[in-house]
2 protein chains.
Amino acid sequence: MAISSRFSVAAHILTLIHQSEGTRITSEYIASSVNTNPVVIRRILGMLSKAGLVRTSAGVAGATLARPLGEITMLDVYRAVQPEQEELFSMHEHPNPACPVGRNIQASLDGVFTGAQRALEAELASVTMEQVSLDVASRA
Amino acid sequence: MAISSRFSVAAHILTLIHQSEGTRITSEYIASSVNTNPVVIRRILGMLSKAGLVRTSAGVAGATLARPLGEITMLDVYRAVQPEQEELFSMHEHPNPACPVGRNIQASLDGVFTGAQRALEAELASVTMEQVSLDVASRA
DNA sequence: TTCGGCTGTAACTATACTGAGTACACTTGA
DNA sequence: TCAAGTGTACTCAGTATAGTTACAGCCGAA
């Protein structure tokens with residue numbers, strides 16, 4: 001599965017919440033900054049909420065951070081918006097078990113794929129949303 | 001964009017060619033091991049050929065390795081079957097330039113995304129197709 | 001207690017990509 | 001010459017995504 005733009009939108013949302021602390025920002029306001037539909041924002045906000053990164057309450061404008069941005073890594077965000085069982089690499093499904101290669105290729109590739117995915121995730125885990133937010137602020 | 005199963009099929013194909021050296025293996029034979037349509041194989045074989053990893057000739061059965069498997073990394077294979085400009089991470093397209101966050105978020109995220117992708121690619125570059133082929137053989 | 005504003009979610013649409021499959025022209029070697 | 005195989009264009013079904021409409025439910029201020 002691709003890494004959808006939900007990921008970048010989620011990072012955008014968290015940055016906005018962070019830099020607007022104290023203000024009540026609605027999904028509509030966020031949507032205008034991201035330039036999309038408020039429902040898209042609410043959907044992603046829902047994922048972030050389920051993952052325990054933000055807190056929202058129905059009927060009340062303004063999401064708040066559930067913990068400081070410094071304690072939220074890009075990997076947390078990535079996992080929050082990425083469908084649970086979605087693997088980054090996809091494998092062809094039913095290789096021929098009658099063939100020595102077909103029978104064993106999956107297991108071999110699985111090791112390589114897992115290693116590569118781990119490397120990517122480790123990199124994401126090394127960056128906090130606070131760094132991102134500060135970086136954005138420093139460019140403004 | 002997702003990492004399509006073309007990648008795993010391509011690795012499968014190279015392993016088969018390697019372990020069948022000397023024999024003429026047709027796209028139909030490969031297809032039966034991968035368990036798909038011969039055209040799918042020919043398509044991927046075409047990409048591997050364009051990338052200079054294998055050599056084929058129209059009308060003649062049997063692809064051959066253009067260079068030893070030990071000199072072909074998983075990253076080479078990955079790049080061969082991955083559409084050129086396809087980025088792993090996708091970014092939401094037109095954030096609002098009137099917003100300080102919207103104006104700068106892309107540049108900030110781009111750095112993070114690039115780093116993560118580099119980490120993944122470095123991991124893929126560290127594994128050669130020879131290792132994969134040997135690993136498959138050792139399981140047989 | 002009413003009411004406007006907002007969230008949460010379901011449902012639908014348009015779009016895009018993928019793997020699979022058909023068809024066929026072209027190449028090659030026996 | 002001709003059977004076998006490759007290369008490629010075209011089509012199709014399945015699936016994921018972003019965008020959008022619609023609406024029920026919650027909340028707080030007047």
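Convention: sequence-line order gives letters A, B, ...; per-chain numbering from 1.
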Asker: Would you classify A:Val60 as touching base, sugar-phosphate or nothing, given that sugar-phosphate means primed atoms plus P, OP1 and OP2, and contacts are heavy atoms under 4.0 Å?
Answerer: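 Sugar-phosphate, no base atom in range.
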Asker: Looking at C:dT7, C:dA20, D:dG5, which one has an atom nearest to any side-chain atom of B:Asn37?
Answerer: C:dA20
Asker: Less than 4.0 angstrom between a side-chain N/O of A:Ser57 and OP1 or OP2 of D:dC26, yes or no?
Answerer: no
Asker: Where each residue is assigned the nucleotide of DNA chain C containing its nearest heavy atom, which of A:Arg43 and A:Gly62 is assigned the position nearer the 5′ end?
Answerer: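 Nearer the 5' end of the strand: A:Gly62.
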Asker: Report the distance from atom CD1 of A:Ile41 to atom P of D:dT17, rounded to the nearest whole Å.
Answerer: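 It is 16 Å, rounded to the nearest whole Å.
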Asker: Starting at CE of A:Met47 and ending at P of C:dT9, how long is that distance when rounded to a whole Å?
Answerer: 11 Å
Asker: Looking only at side-chain atoms of B:Thr56, point me to the closest of D:dT6, C:dG21, C:dG19.
Answerer: D:dT6
Asker: Examine D:dG19: is either OP1 or OP2 under 4.0 Å from a nitrogen or oxygen in the side chain of A:Thr36? Give yes or no.
Answerer: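 Yes.
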Asker: Nearest of C:dA10, C:dT22, D:dT8 to any side-chain atom of B:Arg42?
Answerer: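 The answer is D:dT8.
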Asker: Contact class for A:Arg6 vs. all strands (heavy atom < 4.0 Å): base, sugar-phosphate, or nothing?
Answerer: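 The answer is sugar-phosphate, as A:Arg6 gets under 4.0 Å only of primed atoms, P, OP1 or OP2.
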Asker: Take atom CZ of B:Phe7 and atom P of C:dG19, then tell me their distance rounded to the nearest Å.
Answerer: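 Rounded to whole Å, this separation is 13 Å.
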Asker: Looking only at atom types and distance, does a side-chain atom of B:Ser20 sit under 3.5 Å from a main-chain N or O of B:Ile17, one as donor and one as acceptor?
Answerer: no
Asker: Backbone N or O of B:Asp76 within a donor-acceptor pair of the B:Thr73 side chain at under 3.5 Å?
Answerer: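 Side chain of B:Thr73 to backbone of B:Asp76: a pair is present.
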Asker: Is it true that B:Arg118 and A:Glu123 have a side-chain N and a carboxylate O under 4.0 angstrom from each other?
Answerer: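 Between A:Glu123 and B:Arg118 there is no salt bridge, as every charged N stays at least 4.0 Å from the carboxylate O atoms.
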Asker: Mapping A:Ala58 and A:Val40 onto DNA chain D by nearest heavy atom, which one lands closer to the 5' end?
Answerer: A:Val40
Asker: If only side-chain N and O atoms of B:Thr26 are considered, is one of them under 4.0 Å from the OP1 or OP2 phosphate oxygen of D:dT6?
Answerer: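 No, B:Thr26 has no side-chain N/O under 4.0 Å of OP1/OP2 on D:dT6.
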Asker: Could you state the CZ-C1' distance from B:Arg24 to C:dA30, rounded to the nearest angstrom?
Answerer: 10 Å
Asker: Provide, to the nearest angstrom, the distance between the OH atom belonging to B:Tyr29 and the P atom belonging to D:dA4.
Answerer: 20 Å
Asker: Measure CD1/B:Ile30 against C1'/D:dG7 and give the value in whole Å, please.
Answerer: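 So the two atoms are 14 Å apart, to the nearest Å.
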Asker: Please determine whether side-chain contact (heavy atoms from CB on, under 4.5 Å) holds for the pair B:Val9 and B:Val81, giving the CA-CA distance in whole Å, both sets of side-chain angles, and the decisive distance to 0.1 Å.
Answerer: CA-CA 10 Å; B:Val9 172; B:Val81 299; over 6 Å; no
Asker: In whole angstrom, give the distance that lies between atom CG of A:Leu45 and atom P of C:dT9.
Answerer: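 Answer to the nearest Å: 11 Å.
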Asker: Kindly say whether B:Leu45 contributes a backbone atom to a donor-acceptor pair with the side chain of B:Ser49 at under 3.5 angstrom?
Answerer: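 No, B:Ser49 side chain to B:Leu45 backbone: no donor-acceptor pair under 3.5 Å.
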Asker: Could you state the atom-to-atom distance from CD of A:Gln82 to C1' of D:dA16 in whole Å?
Answerer: 12 Å
Asker: Between B:Ser27 and D:dG5, is there a contact of a side-chain N or O with OP1 or OP2 at under 4.0 Å?
Answerer: no
